[in-house]
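Every chain is numbered from 1, with letters handed out A, B, ... down the list of sequences.
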Amino acid sequence: MAENFTTRAENYSQWYNDIVKKADLAENSAVRGCMVIKPYGYAIWEKMQHVLDGMFKETGHSNAYFPIFIPKSFLSREADHVEGFAKECAVVTHYRLKNDPNGGGVIVDPDAKLEEELIVRPTSETIIWSTYKNWIQSYRDLPVLCNQWANVVRWEMRTRLFLRTAEFLWQEGHTAHATAEEARKETATMLNVYADFAEKYMAMPVVRGVKSPNERFAGAIDTYCIEALMQDGKALQAGTSHFLGQNFAKAFDVQFLNKENKLEYVWATSWGVSTRLIGALIMTHSDDNGLVLPPKIAPLQVVIIPIYKNDEQRAAIGEKVDGLMSKLKAKGITVKYDDDDSKRSGWKFNEYEVKGVPVRLAIGPRDLENNQAEVFRRDTLEKRVYNFDNLEEVIENLLVDIQDNLYQRSLKFRDASIRKADTWDEFVSILDNEGGFVYAHWDGTVETEEKIKELAKATIRCIPFDNPLEDGKCILTGQPSKQRVLFARAY
RNA sequence: CGGGGUGUGGCGCAGUUGGUAGCGCGCUACGUUCGGGACGUAGAGGCCGCAAGUUCGAGUCUUGUCACCCCGACCA
């Protein structure tokens, strides 16, 4: 490599920043904490959006759009909700600028003060529930199953590209149901959609579970999540699904007449994943040579690079590759033939490697002579020469194999990174030395959870579904406990 | 909001006791190259973050100010 990449072992967060920059995914912007998502990074997001959007539609949801601005009074309607978000809200106070009479460019026109300030949405529950109030009168109007793709703003103290930015892109589903059971079922369905997406498309194994009270979404009865493990041993919440009970229905007075002609509050859910998934993707698979993308999320799955000395050779390779390109495209494989003459082949090899393109073909005069091509797979960095005939099938299978290998590799790492601790010393020692998830007993109180967070910098990531019951003693207090929960240091 | 650091061509940096602003990468042109980030030659490109001050003279010294980055507290 001509450009030196920071290795993961040297400095993990620097390595992450290098990947984002060198794979041309995103950059910092003129506005503090906000990012510019560059075309290649955005293409990954579009792939994610496309798959998820299909899954949402498949499960009966429709897209809609609600405004970016929320009247300040709306936010305060649900007590827990406002407490959770108030500290990080951007506020719009004026609607006009004017020329500075002192000649200093433009200034905020003090005469254009808004009567009621507007909050830039940190999430849309309040504006959506104030709207749903008008949509719902009868049980016949239910369920309401909406999703929106949007940007939100949370004024974070410290930001990192994709993982935590002041503005980020996400989708937020907001549903209204006639019964608690139905809403709970919805919450579970969407969590499973996220888990399937993470595992089958991103090749990222996740733990499904429920959040402890301390980690719960502001305004929710229960928060469910999928938790992934990054290569540095830190956990990352990759998606959440909330059962909101009747909290928002009551706050916004959303009632419906049931079949017995009785007025009832509706039951709500909300669920979301964000551009943070791109950060998760990077930290799950990438290596010291750059980005590694699972084929199902890669904007470009196959790149073909000609190696030639003159125009005749270049033309001959182009001709040879033509048929293969059509066959690959017919199989739905995204492929690019890069015969850009201004870049040398070696340069291209590195470029596509850094960008994580799963499969690279190299074809030179020698290959032409022998009716073959050199096939390189990004996940294992292996090179093999294949006969040119039926190469499209080799590639098709290879993409499946890479997808599977990435998942198995991450799964193996994840499973090896779940360790049990039975004493406090053991607990801290694992966190300090190995990282990963620590499966340990907890007495179930918020106080203990907070104390552990303070002392060990680790939080309860979740209580996994189907968690076996087991008598034990709390890792910190020694109080009796019925089950182990998953702790980790987290992003 | 604490602690640390950095602002100098597009990017990464050097710049000594204050004295004509430099290097690498990238960029442009031409040529030679081409199986893992090629090489040569010739070019283009800078109010040294901003504002005051000291000085004959400031990238360099002083003061102020702004911005960004890293480590914490807060968080998806």
A.B. asks: Side chain of A:V354, heavy atoms from C-beta onward: which of B:C74, B:G37, B:G36 has the nearest atom to it?
C.D. replies: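 In terms of side-chain proximity for A:V354, the closest of B:C74, B:G37, B:G36 is B:G37.
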
A.B. asks: Answer with base, sugar-phosphate or nothing: what part of the nucleic acid does A:K211 contact at a heavy-atom distance below 4.0 Å?
C.D. replies: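 If one applies the 4.0 Å heavy-atom cut-off, A:K211 turns out to touch nothing in the nucleic acid.
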
A.B. asks: Cation-pi check for A:Y352 against A:R360: NZ or CZ below 6.0 Å from the six-membered ring centre and within 45 degrees of the axis, yes or no?
C.D. replies: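 No, cation not above the ring by the 6.0 Å, 45° rule.
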
A.B. asks: So, for A:F427 and A:A456, which heavy atoms are closest and what is the spacing to 0.1 Å?
C.D. replies: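 Scanning both residues, the minimum pair turns out to be CE2-CB, 3.9 Å.
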
A.B. asks: Using a 4.0 Å heavy-atom cut-off across all strands, classify A:R160 as base, sugar-phosphate, or nothing.
C.D. replies: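 Counting heavy atoms under 4.0 Å across all strands, no contact is made by A:R160.
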
A.B. asks: Heavy atoms only, 4.0 Å cut-off, all strands: where does A:L163 land among base, sugar-phosphate and nothing?
C.D. replies: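 Base: the residue A:L163, judged by heavy atoms under 4.0 Å, touches a nucleobase.
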
A.B. asks: Determine the Euclidean distance between corresponding P atoms of B:G46 and B:U8; express it in Å to zero decimal places.
C.D. replies: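 The answer is 15 Å between these two P atoms.
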
A.B. asks: Is the ring pair A:W267/A:F243 parallel, tilted or perpendicular, if the boundaries are 30 and 60 degrees?
C.D. replies: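 Answer is parallel, since the angle falls under 30°.
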
A.B. asks: Is B:C47 syn or is it anti, if syn means the base angle is within 90 degrees of 0?
C.D. replies: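 Base orientation: syn.
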
A.B. asks: In whole Å, what separates the C1' atom of B:C13 from that of B:C69?
C.D. replies: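 16 Å, rounded to whole Å.
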
A.B. asks: Which pairs count as side chain to side chain donor-acceptor pair (under 3.5 Å) when at least one residue sits in residues 190-199 of chain A, sequence neighbours excluded?
C.D. replies: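 Counting only pairs at least two positions apart or across chains, the side chain to side chain donor-acceptor pair (under 3.5 Å) contacts touching residues 190-199 of chain A are A:Q171-A:Y194, A:N192-A:R208.
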
A.B. asks: Under 4.0 Å, heavy atoms only, any strand: does A:Y352 hit a base, just the sugar-phosphate, or nothing?
C.D. replies: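 Contact class for A:Y352: none.
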
A.B. asks: Looking only at side-chain N and O atoms, does A:N310 come under 4.0 Å of OP1 or OP2 in B:C34?
C.D. replies: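 For B:C34, neither OP1 nor OP2 has a side-chain N or O of A:N310 closer than 4.0 Å.
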
A.B. asks: Below 4.0 angstrom from OP1 or OP2 of B:G35, is there any side-chain N or O of A:R366?
C.D. replies: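 The answer is no; no side-chain N or O of A:R366 sits under 4.0 Å from OP1 or OP2.
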
A.B. asks: Please measure how far the C1' atom in B:A73 lies from the corresponding atom in B:G2, and state the result in whole Å.
C.D. replies: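 Those two atoms are separated by 8 Å.
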
A.B. asks: Taking the basic N atoms (NZ, or NE/NH1/NH2) and the acidic carboxylate oxygens, is any pair closer than 4.0 Å for A:R8 and A:D287?
C.D. replies: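 Result for this pair is no, no salt bridge flagged.
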
A.B. asks: Using a 4.0 Å heavy-atom cut-off, does A:S29 contact any base of the nucleic acid, only the sugar-phosphate backbone, or nothing at all?
C.D. replies: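 Here A:S29 touches no strand at all.
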
A.B. asks: Scan A:F168 against the nucleic acid and name what it touches under 4.0 Å (heavy atoms): base, sugar-phosphate only, or nothing.
C.D. replies: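 Base, at least one base heavy atom under 4.0 Å.
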
A.B. asks: OP1, OP2 of B:G35 versus side-chain N and O of A:R344: anything below 4.0 Å?
C.D. replies: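 Yes, such a contact exists.
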
A.B. asks: Rounded to whole angstrom, note down the C1' distance from B:G53 over to B:C68.
C.D. replies: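 Looking at atom C1' only, B:G53 and B:C68 are 26 Å apart.
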
A.B. asks: Determine the interatomic distance between P on B:C47 and the same-named atom on B:G10; round to the nearest Å.
C.D. replies: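 My reading of the P atoms in B:C47 and B:G10 gives 9 Å.
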
A.B. asks: Given atom CG of A:N28 and atom C1' of B:U6, what is their separation to the nearest angstrom?
C.D. replies: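 From A:N28 CG to B:U6 C1': 14 Å.
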
A.B. asks: Nearest to the side chain of A:T165, heavy atoms from C-beta on, is which of B:C74, B:G35, B:A76?
C.D. replies: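 Nucleotide nearest to A:T165's side chain: B:A76.
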
A.B. asks: Rounded to whole angstroms, how far apart are OH on A:Y491 and P on B:C74?
C.D. replies: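 In whole Å, B:C74 P and A:Y491 OH are 18 Å from each other.
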
A.B. asks: Assign each of A:K343 and A:K309 to its nearest nucleotide of RNA chain B by heavy atoms, then name whichever residue's nucleotide is nearer the 5' end.
C.D. replies: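 Taking each residue's closest nucleotide, the earlier one in sequence belongs to A:K343.
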
A.B. asks: Heavy atoms under 4.0 Å, any strand shown: does A:E351 hit a base, just sugar-phosphate, or nothing?
C.D. replies: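 Answer is base: heavy atoms of A:E351 come under 4.0 Å of a base.
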
A.B. asks: May I ask you to verify if any side-chain N or O of A:K457 is less than 4.0 angstrom from the OP1 or OP2 atom of B:A73?
C.D. replies: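 Checking A:K457 against B:A73: at least one side-chain N or O falls below 4.0 Å of OP1 or OP2.
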
A.B. asks: Applying side-chain contact (heavy atoms from CB on, under 4.5 Å) between A:I363 and each of A:Y337, A:Y308, A:F388, report the one that passes.
C.D. replies: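 Looking at A:Y337, A:Y308, A:F388, the match for A:I363 under the side-chain contact (heavy atoms from CB on, under 4.5 Å) is A:F388.
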
A.B. asks: Given the C1' atoms of B:G12 and B:U6, what is the spacing between them in whole Å?
C.D. replies: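 Nearest-Å result for B:G12 against B:U6 at atom C1': 13 Å.
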
A.B. asks: Apply ring pair (Phe, Tyr, Trp, His ring centres under 6.0 Å) to A:H285 and list each qualifying residue two or more places apart in sequence or on a separate chain.
C.D. replies: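 Partners of A:H285 under the ring pair (Phe, Tyr, Trp, His ring centres under 6.0 Å) test: none.
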
A.B. asks: Grab the CZ-P distance between A:R461 and B:A76 for me, whole Å please.
C.D. replies: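 In whole Å, B:A76 P and A:R461 CZ are 9 Å from each other.
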
A.B. asks: Check the distance between B:C70's C1' and A:D18's CG and give it to me in whole angstrom.
C.D. replies: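 Spelled out: CG on A:D18 to C1' on B:C70 is 14 Å.
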
A.B. asks: When the distance from CZ of A:R216 to P of B:A76 is rounded to whole Å, what number comes out?
C.D. replies: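 After rounding, the gap between these two atoms is 14 Å.
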
A.B. asks: Tell me whether the NZ or CZ atom of A:K211 lies within the 45° cone about the ring axis of A:F217 and under 6.0 Å from its centre.
C.D. replies: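 The answer is no; the distance or angle limit is not met.
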
A.B. asks: Between A:T159 and A:K348, who's closer to the 5' end of RNA chain B by nearest nucleotide?
C.D. replies: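 Per heavy-atom nearest nucleotide, the more 5' residue is A:K348.
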
A.B. asks: Which is true for A:S13 with a 4.0 Å heavy-atom rule: it touches a base, it touches only sugar-phosphate, or it touches nothing?
C.D. replies: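 If one applies the 4.0 Å heavy-atom cut-off, A:S13 turns out to touch the sugar-phosphate alone, with no base involved.
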
A.B. asks: Find the distance A:R489:CZ to B:G72:C1' and express it as a whole number of Å.
C.D. replies: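 One finds 14 Å between C1' of B:G72 and CZ of A:R489, rounded.
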
A.B. asks: Under 4.0 angstrom, heavy atoms only, what part of the nucleic acid is A:Q237 near: base, sugar-phosphate, or nothing?
C.D. replies: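 Sugar-phosphate: the residue A:Q237, judged by heavy atoms under 4.0 Å, touches backbone atoms but no base.
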
A.B. asks: Between B:G72 and B:C56, how many Å separate the two C1' atoms, rounded to a whole number?
C.D. replies: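 Roughly 49 Å separates the two C1' atoms.
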
A.B. asks: To the nearest Å, give me how far apart CG (A:N214) and P (B:C74) are.
C.D. replies: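 A:N214 atom CG is separated from B:C74 atom P by 11 Å.
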
A.B. asks: If you check every side-chain atom of A:R32, which of B:G36, B:C74, B:C68 has the closest atom?
C.D. replies: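 Per side-chain heavy atoms of A:R32, the pick is B:C68.
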
A.B. asks: Evaluate ring pair (Phe, Tyr, Trp, His ring centres under 6.0 Å) for A:F56 paired with A:W271, printing each intermediate quantity in order.
C.D. replies: CA-CA 11 Å; A:F56 298 158; A:W271 28 273; 5.2 Å; yes

A.B. asks: Which nucleotide in the list B:C70, B:C74, B:A76 gets nearest to the side chain of A:N17?
C.D. replies: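 Shortest atom-to-atom distance from the side chain points to B:C70.
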
A.B. asks: Considering only atom P, compute the distance from B:A44 to B:A51 and round it to an integer number of Å.
C.D. replies: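 Straight-line distance between the two P atoms is 28 Å.
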
A.B. asks: Identify the stems formed by RNA chain B, where each pair is Watson-Crick or G-U wobble with both distances under 3.5 angstrom and a stem is at least 3 consecutive pairs.
C.D. replies: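 Detected stem regions: B:1-7 with B:66-72, B:10-13 with B:22-25, B:27-32 with B:38-43, B:49-53 with B:61-65.
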
A.B. asks: For the residue pair A:F248 and A:F252, categorise the inter-ring angle as parallel (less than 30°), tilted (30 to 60°) or perpendicular (more than 60°).
C.D. replies: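 Because their plane-to-plane angle is under 30°, the rings of A:F248 and A:F252 count as parallel.
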
A.B. asks: Between atom CE in A:M157 and atom P in B:G2, what is the gap in whole Å?
C.D. replies: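 Answer to the nearest Å: 12 Å.
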
A.B. asks: Of all the choices, B:C69, B:G36, B:A76, which nucleotide is nearest to the side chain of A:R154 once you look at every atom?
C.D. replies: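 Looking only at side-chain atoms, A:R154 lies closest to B:A76.
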
